[in-house]
Amino acid sequence: MRITCPLCGDRDRREFYYYGDAVYADRPAEGAAPEAWDAYLHLRDNPAGETRDLWYHEMGCSAWIEVTRNTVTHAVLATRLLAERGQTGEGGPSGEGEPKPRRKGKPE
Amino acid sequence: MIRLIEKTPCEALLPVTCGALTLREIVGDRVTSVAPLKGQGAKLATALKKLGLGWPAPNTAIASATAAILWTGRDQAFLIGADPEGLDGLAALTDQSDGWARMRLEGPGAADVLARLVPLDLRGFAPGQAARSQLGHMMAILTAPEKGSFDIMVFRSMAETAVHEIHHAMKAVSARAAL
Ligand SMILES: [Zn+2]
């Protein structure tokens with residue numbers, strides 16, 4: 001399995017650490033109802049098909065990456081830097097931290 | 001008072017030679033981690049140009065006659081062989097000179113040696129490129145002083161393991177070449 005890091009390019013799966021469902025990046029606001037925390041912490045779909053999860057390019061550039069992949073075909077459909085979600089402000093001189101279109105796949 | 005003895009990261013470990021392959025230590029250069037502060041990217045790039053360098057794009061390195069800057073991760077680069085002159089206030093600067101073991105692998109088949117340890121195709125790896133990847137289980141930074149030769153950086157604490165792993169692969173590649 002290979003994952004396309006938005007910064008490093010195609011890399012071996014061994015370089016990445018798997019975290020979990022991409023919902024972990026959408027933490028409920030302070031004071032959210034217990035149901036929201038319950039859903040955030042415990043309730044997961046288990047789709048046969050497209051899913052989105054968080055990977056850390058641990059042995060590479062240290063970026064957190066949101067990966068859209070298919071659990072049936074194992075295809076990696078799209079990747080983007082987690083930092084690009086709702087980011088404001090300037091990134092590095094190369095614009096590494098600036099919002100960019102997703103690398104592959106359909107728009108959301 | 002205790003007298004401390006200064007040792008290089010690969011002291012007594014390198015150099016090693018296997019057939020035409022050599023692995024030797026690179027010592028002495030100042031290594032500074034440069035992480036741009038928010039909103040200072042353009043100014044930082046200009047300041048680095050004054051050092052004869054620039055801000056490296058992902059997977060690249062920029063070298064002058066005496067120094068180099070390597071892209072080492074998201075919004076991070078390593079300045080090697082130069083003082084971080086004029087970068088104050090533009091980037092978070094960390095002196096990492098003593099934190100890394102640096103070594104150079106040279107000779108025919110050097111890419112084959114690394115093919116046993118690094119999950120990247122390094123056969124076309126050339127000056128101007130930089131890669132952050134793994135060497136065995138160790139985080140590593142790779143650059144090419146020339147095509148077919150490799151400068152390898154690993155955490156200093158892993159120097160002995162890195163030398164052991166690379167030397168082992170060198171032996172295997174040169175034994176195969178001798179068949
Ligand atoms: Zn990466």
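Chain A is the first sequence line, chain B the second, and so forth, proteins listed ahead of strands; every chain is numbered from 1.
- Contact between Asn59(B) and Leu7(A) at its shortest, heavy atoms only, is ND2-O, 3.0 Å.
- Clustering ILVMFWY residues whenever any of their side-chain heavy atoms sit less than 4.5 angstrom apart, transitively, puts Trp100(B) in the very cluster that holds Met138(B).
- Between the OG atom in Ser62(A) and the CD atom in Gln76(B) there is a gap of 7.0 Å [rounded to 0.5 Å].
- The stretch residues 116-127 of chain B places Pro119(B), Leu120(B) near chain A, each with some heavy atom under 4.5 Å from a heavy atom of that chain.
- Environment of CD in Glu85(B): sparse, with no more than 12 heavy atoms of neighbouring residues, nucleotides or ligands closer than 6.0 Å.
- Cluster membership for Leu13(B) and Phe155(B), using ILVMFWY side-chain heavy atoms within less than 4.5 angstrom, is shared.
- Few gaps surround CZ on Arg44(A); more than 12 heavy atoms of other groups in view lie less than 6.0 Å from it.
- Here the closest non-hydrogen pair linking His137(B) and Met59(A) is O-CE, 3.0 Å.
- Side-chain heavy atoms closer than 4.5 Å link hydrophobic residues (I, L, V, M, F, W, Y) into clusters, and following such links, possibly through other members, connects Val113(B) to Leu23(B).
- The SG atom of Cys8(A) lies 12.0 Å from the CZ atom of Arg74(B); values are rounded to the nearest 0.5 Å.
- Atom CG of Leu179(B) has more than 12 heavy atoms from other residues, nucleotides or ligands within 6.0 Å.
- Other residues, nucleotides and ligands contribute at most 12 non-hydrogen atoms within 6.0 Å of the OH atom of Tyr19(A).
- In this structure, Leu21(B) is a member of the same hydrophobic cluster as Leu135(B), with clusters built from ILVMFWY side-chain heavy atoms closer than 4.5 Å.
- Hydrophobic clustering (side-chain heavy atoms under 4.5 Å, transitive across Ile, Leu, Val, Met, Phe, Trp, Tyr) keeps Met153(B) apart from Leu79(B).
- For the atom pair Arg14(A) CZ and Ser133(B) OG, the distance stands at 8.5 Å (nearest 0.5 Å).
- Here the CD-CE distance, from Glu58(A) to Met139(B), works out to 6.5 Å after rounding to the nearest 0.5 Å.
- Shown here for Gly60(A) and Arg132(B), the closest heavy-atom pair between the two residues is O-CG, 2.8 Å.
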